[in-house]
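Here is the structure we will look at, set down as structure tokens.
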Amino acid sequence: MSPLNLAERLGRDEFPAQVYHRHYLHVPGALPAPGELITWDEVNGIVATHRLDPPRLRLSADGEMLPQYRYSTPVVTRRQTVWQRLHPAELHQRLSEGASLVIDAVDELHPAVGRAAMELEQWLRTGVQANLYTSWTAREGFGIHWDDHDVVVAQVDGSKRWKIYGPTRTAPMFKDTQEPAPPPEKPLTEIVMRAGDLLYLPRGWWHSVAASEGERSLHLTFGLQTTTGAQLLSWLSEDLRRHDVLRLDLPVHASPQDRADYLERLKKEVAAALKDPGVLARYMAARDADDVTRMRPSLPYIGSVPALPELRVRLTTARAHCADTDNGVTFRACGNEWDMAPAAGPLLRRLISAVPDAVTLGELAATAGVSLEDTAMLVRELVHGQAAAVEGGGA
């Protein structure tokens with residue numbers, strides 16, 4: 001677990017039952033050491049060592065993205081390719097004028113943020129992407145807006161004022177039938193986020209944000225992937241193809257009675273599926289099993305995994321499933337499924353419980369009571385299926 005442990009700070013049991021998807025939550029001083037997530041030096045390192053073209057890295061002011069040429073310079077390589085080199089002086093000038101700096105998916109670039117995102121994924125059983133925001137002035141980067149996903153905000157340094165207006169449409173979506181009504185003129189509440197504060201905001205809640213407290217601001221926003229009834233029905237339509245009525249051509253040229261009979265058969269299958277009390281659990285298990293989050297190679301081990309007790313193994317997803325069967329265990333992760341002997345169960349469950357951390361090959365072998373060689377063979381199968389990665393290859 002991360003020393004920050006965002007789940008505990010938000011209220012591990014109470015949050016999903018009383019807050020999640022319902023209303024906002026502000027937890028002042030929740031993080032005793034917010035710098036353990038990311039520091040200004042580490043932000044500088046990311047900006048300096050990665051070629052992050054818009055919209056991955058962008059400057060925004062008054063709801064508009066600034067043209068890249070205003071803070072970068074084109075560079076032509078000897079192979080005649082062109083890339084944009086960030087110009088620090090121009091970047092500083094744009095930021096001092098009121099632009100906000102944004103880096104999308106910083107969880108893929110910085111291990112500590114990635115660990116925190118995976119903890120949230122394991123806890124809430126949904127995908128998480130962390131974006132980084134920095135501001136220096138009271139000028140708003142994005143204006144009054146709403147997001148199509150819930151967010152958990154961690155204020156890392158400085159302060160920022162959030163004006164929260166509430167929702168004007170229930171659970172609006174990115175692909176929706178209509179836009180939410182405009183927000184009210186006056187905010188529902190105003191919150192000054194200070195270093196160490198956490199804020200949870202459901203999707204569809206109008207808000208505006210500005211570094212209006214006379215100091216700089218650095219915060220992370222963990223965006224939580226939505227899981228809606230529309231997605232359930234989409235999955236169900238795939239699952240129900242085992243029934244011939246779902247595979248038949250629509251009776252567009254048939255008589256009115258034949259059309260009615262077809263629709264009645266279709267309704268019967270869909271209604272029966274929705275009456276199943278386990279349908280939500282089956283859908284979530286399938287969604288978890290298909291989750292492909294932070295893929296990483298296992299260099300230098302491009303073939304077999306050596307039976308070295310100090311070699312470290314970690315899952316690349318926080319949402320793997322391991323279930324007992326009559327013949328052993330079934331492990332599902334990253335769009336793959338493995339049927340394994342009963343002895344693999346303790347090993348797989350140890351890997352799941354360790355997320356986002358790694359476990360040594362020696363510990364896995366001892367947990368399962370099998371040889372290092374057999375453990376290495378099992379791990380190789382997980383690595384081949386993208387569900388795990390090994391570390392500790394030396395210099």
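- Put simply, the side chain of His26 never gets that close to the backbone of Tyr24: no donor and acceptor are under 3.5 Å apart.
- Checked for salt-bridge contact, Arg56 and Asp53 miss the test: no charged N lies under 4.0 Å from a carboxylate O.
- Note that OG of Ser100 and NE2 of His219 are 8.5 Å apart. Values are rounded to the nearest 0.5 Å.
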(request) Given side chain to side chain donor-acceptor pair (under 3.5 Å), test Trp83 with Thr77 step by step and report yes or no. (result) CA-CA 8 Å; Trp83 64 281; Thr77 71; over 6 Å; no
(request) Tell me, with the steps shown, if Asp339 and Asn327 meet side chain to side chain contact (heavy atoms under 4.5 Å, CB included). (result) CA-CA 9 Å; Asp339 292 318; Asn327 301 317; over 6 Å; no
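- Glu213 and Ser159 form no side-chain donor-acceptor contact under 3.5 Å, judged by distance and modelled atom types alone.
- Here the shortest heavy-atom pairing between Ser237 and Ser234 reads OG-O, 2.6 Å.
- Under a 4.0 Å N-O distance rule, the pair Glu140/Lys163 does not qualify as a salt bridge.
- With Ser255 contributing its side chain and Asp258 its backbone, the two residues share a donor-acceptor pair below 3.5 Å.
- Of the possible polar contacts, none joining the Asp147 side chain to the His149 backbone as a donor-acceptor pair under 3.5 Å is found.
- Under a 3.5 Å cut-off, the side chain of His110 and the backbone N or O of Val106 do not form any donor-acceptor pair.
- Ring geometry, Phe142 versus Tyr133: the interplanar angle exceeds 60°, so the pair is classed perpendicular (tilted spans 30 to 60°).
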(request) Determine, step by step, whether Gln155 and Ser217 satisfy the side chain to side chain donor-acceptor pair (under 3.5 Å) criterion, reporting the C-alpha distance in whole Å, the side-chain angles of both residues, the deciding distance to 0.1 Å, and the verdict. (result) CA-CA 8 Å; Gln155 187 71 29; Ser217 170; 2.9 Å; yes
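- Between the side chain of Tyr200 and the main chain of His21, a donor-acceptor pair closer than 3.5 Å is present.
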(request) Begin with the C-alpha distance, continue with both residues' side-chain angles, and end with the deciding distance and a verdict on side chain to side chain contact (heavy atoms under 4.5 Å, CB included) for Val359 and Val313. (result) CA-CA 5 Å; Val359 184; Val313 185; 5.6 Å; no
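- Using a 4.0 Å cut-off between charged side-chain N and carboxylate O, Arg115 and Glu119 make no salt bridge.
- Thr126 places a side-chain N or O within donor-acceptor distance of the main-chain N or O of Gln225, the cut-off being under 3.5 Å.
- Salt-bridge check for Glu121 with Arg319: failed, with every basic side-chain N at 4.0 Å or more from each acidic carboxylate O.
- Thr227 and Arg287 share a donor-acceptor pair across their side chains, judged by distance under 3.5 Å alone.
- The neighbour count for Leu299 CG, taken as heavy atoms of other residues, nucleotides or ligands under 6.0 Å away, is above 12.
- Around CZ of Arg85, the count of heavy atoms belonging to other residues, nucleotides or ligands within 6.0 Å does not exceed 12.
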(request) In sequence, state the C-alpha distance, the side-chain angles, and the governing distance for Leu201 and His207, and then conclude on side chain to side chain contact (heavy atoms under 4.5 Å, CB included). (result) CA-CA 9 Å; Leu201 197 64; His207 59 280; 3.4 Å; yes
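- A salt bridge links Arg161 with Glu190: at least one charged nitrogen is closer than 4.0 Å to a carboxylate oxygen.
- Across Ala307 and Ala376, no two heavy atoms sit closer than the pair CA-CB, 4.1 Å.
- Counting non-hydrogen atoms of other residues, nucleotides and ligands closer than 6.0 Å to NE2 of His384 gives a total of 12 or fewer.
- At most 12 heavy atoms of other shown residues, nucleotides or ligands fall within 6.0 angstrom of atom CG in Asp249.
- Ion pair Asp197/Lys160 not flagged as a salt bridge, since none of the NZ, NE, NH1 or NH2 atoms sits closer than 4.0 Å to an Asp/Glu carboxylate oxygen.
- Counting only residues at least two apart or on different chains, the ring-ring contact (aromatic ring centres under 6.0 Å, His included) pairs with a member in residues 252-286 are Trp235-Tyr283.
- Smallest separation of non-hydrogen atoms from Ala130 and Val113: CB-CG1, 3.6 Å.
- A pairwise comparison of heavy atoms in Arg203 and Ala171 identifies NH1-O, 3.1 Å as the closest pair.
- Tested against Leu132 for a side-chain contact (heavy atoms from CB on, under 4.5 Å), the candidates Ile38, Asp107, Leu57 yield a single pass: Ile38.
- Salt bridge status for Arg332 with Asp288: absent, with no side-chain N to carboxylate O gap under 4.0 Å.
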(request) May I have the step-by-step check of side chain to side chain contact (heavy atoms under 4.5 Å, CB included) for Glu373 and Met377, ending in yes or no? (result) CA-CA 6 Å; Glu373 289 73 16; Met377 289 178 60; 5.6 Å; no
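- The pair Arg58-Asp104 meets the salt-bridge criterion, with a side-chain N (NZ, NE, NH1 or NH2) lying under 4.0 Å from an Asp/Glu carboxylate O.
- With respect to the salt-bridge test (charged N to carboxylate O, under 4.0 angstrom), the residues Arg312 and Asp357 do not qualify.
- Within a 6.0 Å sphere centred on CD of Glu90, other residues, nucleotides and ligands contribute more than 12 heavy atoms.
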